[in-house]
Amino acid sequence: AGAKDDTFNVLDLAEYTKNRPWWRKIFAPSSGSSAEKYNVATQLVIGGVTGWCTGFVFQKVGKLAATAVGGGFFLLQIANHTGYIKVDWNLVQRDMDKAKQQLKFHSSGNKMPPEVKSRVDEAIIFLKKNVILTGGFAGGFLLGMAS
């Protein structure tokens with residue numbers, strides 16, 4: 001059998017990263033915190049803009065949700081008053097008592113499930129590593145809620 005000549009292409013990672021789009025450089029997963037990659041002004045701008053957008057959307061969605069819940073409650077009260085629906089208040093009271101007992105049972109242990117605890121620990125570590133970014137986000141969020 002004949003010998004096969006294998007050729008290999010060499011990938012230069014330095015050139016590859018230079019040619020990547022800017023959004024992949026910003027949002028690509030990395031092992032370090034944003035404090036290691038960006039200067040303070042960039043972190044504040046990114047955090048502030050994303051915080052403002054989040055706060056603005058949160059405010060609009062919150063108003064819409066409050067209107068929907070209030071309107072639904074209002075319509076249910078009208079339907080109950082006019083006789084279209086009947087509420088079994090004994091069943092409601094029994095379910096409320098059952099829910100209160102479950103809340104007392106779960107809150108008496110004061111233990112967080114390990115899944116929740118690990119997620120909370122991850123969030124705290126992220127906040128500590130990226131304090132400038134999260135500070136900008138918090139300020140932007142409050143401004144977005146106010147606008």
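All values below were derived from every heavy atom in this structure, side-chain atoms included, with hydrogens, water molecules and symmetry-related copies excluded.
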Worksheet entry | Side chains of Asp97 and Gln101, donor plus acceptor under 3.5 Å | no
Closest contact, heavy atoms only, [X] versus [Y]:
{"X": "Leu133", "Y": "Gln43", "result": "CD1-O, 3.3 Å"}
{"X": "Gln59", "Y": "Met145", "result": "NE2-O, 3.3 Å"}
{"X": "Thr54", "Y": "Phe137", "result": "OG1-CE1, 3.7 Å"}
{"X": "Asn80", "Y": "Ile85", "result": "OD1-O, 3.4 Å"}
{"X": "Ser147", "Y": "Phe56", "result": "OG-CD1, 3.7 Å"}

Using the rule that Ile, Leu, Val, Met, Phe, Trp and Tyr join whenever any side-chain heavy atoms are under 4.5 Å apart, tell me whether [X] and [Y] fall into a single cluster.
{"X": "Val40", "Y": "Val45", "value": "no"}
{"X": "Met96", "Y": "Trp89", "value": "yes"}
{"X": "Val92", "Y": "Phe73", "value": "no"}

Discussion item. How long is the straight-line distance from CG of Leu91 back to CG of Asp95, given to the nearest 0.5 Å?
Written reply: 4.5 Å
